[in-house]
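Just below is one structure, and these are the notes that go with it.
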Protein chains: 2
Amino acid sequence: MTFSYNGSKFHGYQIQNGLRTVQAEIEELLTKLNGMKKVKLIASGRTDALVHAYNQKAHFDFAKEINAEKVRKSLNKLLKGDIYIKSIESVNEKFSARHDVKEKTYEYKINVGEYNPIEADYAYQYCKQLNVSKMIDASKYLLGEHDFSSFVKKDSLKEDNIRNIYKINICLKDDIILINITGNGFLRYMVRNIVGTLIAVGENKLEPIKVKEILEKKDRIYAKKTAPACGLYLKEVRY
Amino acid sequence: MTFSYNGSKFHGYQIQNGLRTVQAEIEELLTKLNGMKKVKLIASGRTDALVHAYNQKAHFDFAKEINAEKVRKSLNKLLKGDIYIKSIESVNEKFSARHDVKEKTYEYKINVGEYNPIEADYAYQYCKQLNVSKMIDASKYLLGEHDFSSFVKKDSLKEDNIRNIYKINICLKDDIILINITGNGFLRYMVRNIVGTLIAVGENKLEPIKVKEILEKKDRIYAKKTAPACGLYLKEVRY
């Protein structure tokens, strides 16, 4: 299943007691459509509160063969407009939307122009100029396979913090800096900590080469501020 | 004063008891900055609930000479992020932000692509193709001075319903149809009723020439459905 959602309307993807979450809202409806037999939704990964998704992917098991297009339409009719199911297709029983991810792309939006209340939930309202070409220089040190411990949320280190970043694209379009990052996987806060560090470079507070050093330290205290969640979009997941 | 706001966060511009409105939020802060002497904000006109503004204009009187830039910064610090004060300048005592309007431009956004939950509050999610060139043809009948009674909200007719539309620009950009309408003034729901009627033309349900006939009927029952408020933006006000 491929779906988009407006992160500003949810307390994140993952189920949390009593709070509105993307997973809870979809699971509830799938369970209804499955004759009240509990359906569990396994996504490519969680997204944090306020983070948006253009193309999140998830799989689920149903009691019986379904007409995917009919289920898709029923879901979109029952959903309240903050999640949209783009497509559903049947997959091999062994397929896991979580474990079989080959590549993910995140996009981050920074408004470097005038504060815009209309987009406050949809781009980081940074509202000062940034040196984009230095940010591009700095981003090159992050490409390839590295231990990204310096960019992981405190207390969220995994056993294995090695990830491979395939591509980083940074461009300025109408006062919005768009940062696209593609890799084989991302750790908690990793994109937002990378963006926060690139912003420090763009502010001329950090030389691009320092990003290489931060990476080598393998300690969160060296990377810069976590960029706000509202600017982050899960853009693509590939299998 | 020039300011922008996110209409999705307010019950419209105008003060209403107990509801969050743009006017109430700004007046309260201006009154504080005026030593608690009540300040009244006179805008170029109201905007309805959920309608956004890029450049609304208003005037107010202060007890004493002010440093406009200081007041602007104080306001932006006190506001909660859903309104942004872009500029403040002093004007002649006789100036009225309401009565001296020469020209206003509204923009309306229609998403004709896939439903987008991330922009559901910021563009009408129409999500089907429309015949843009027929809409452009139809819009030409609205140019110039006319009695717009057919396009006014029921029960909101004024004594004088003659307005002059100077320009209508319609273009398609990345699945979003942008309709820009400039005129000397607009009646209640006038832009949204014009857009709703142009959509009927774009659906091939109404021939462009029919718009001329609807105009000549001077009766709301002939124009089509009011387009939703969320797609509407007050873009410019000129004096």
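Side-chain atoms are counted along with the backbone in the values below, which use heavy atoms only and exclude waters and symmetry mates. What you see is a predicted model, and the numbers here were worked out from it, not measured in a lab. Residue numbering restarts at 1 for every chain, and letters A, B, ... go by the order of the sequence lines.
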Within 6.0 angstrom of R238(A) CZ, more than 12 heavy atoms from elsewhere: yes

Exceeds 12 heavy-atom contacts within 6.0 angstrom, atom CZ of R20(A): yes

The interface call for D121(B) against chain A, heavy-atom contacts under 4.5 Å, is side chain

Distance-only, no hydrogens or angles: does the Y115(A) side chain make a donor-acceptor pair with backbone N or O of G81(B) under 3.5 Å? yes

Over all atoms of both residues, closest heavy-atom pair of Y122(B) and I118(A): CE2-O, 3.4 Å

Scanning both residues in full, the closest heavy-atom pair of P117(A) with N6(B) reads O-ND2, 3.1 Å

For Y84(A), is it the side chain, the backbone, both or neither that has a heavy atom under 4.5 Å from a heavy atom of chain B? both

Step through the shown structure and confirm whether more than 12 heavy atoms of other residues, nucleotides or ligands are within 6.0 Å of NZ on K38(A). yes

Below 4.5 Å, heavy-atom pairs only: which of E114(A), H52(A), K9(A), Q125(A) has the largest tally toward chain B? E114(A)

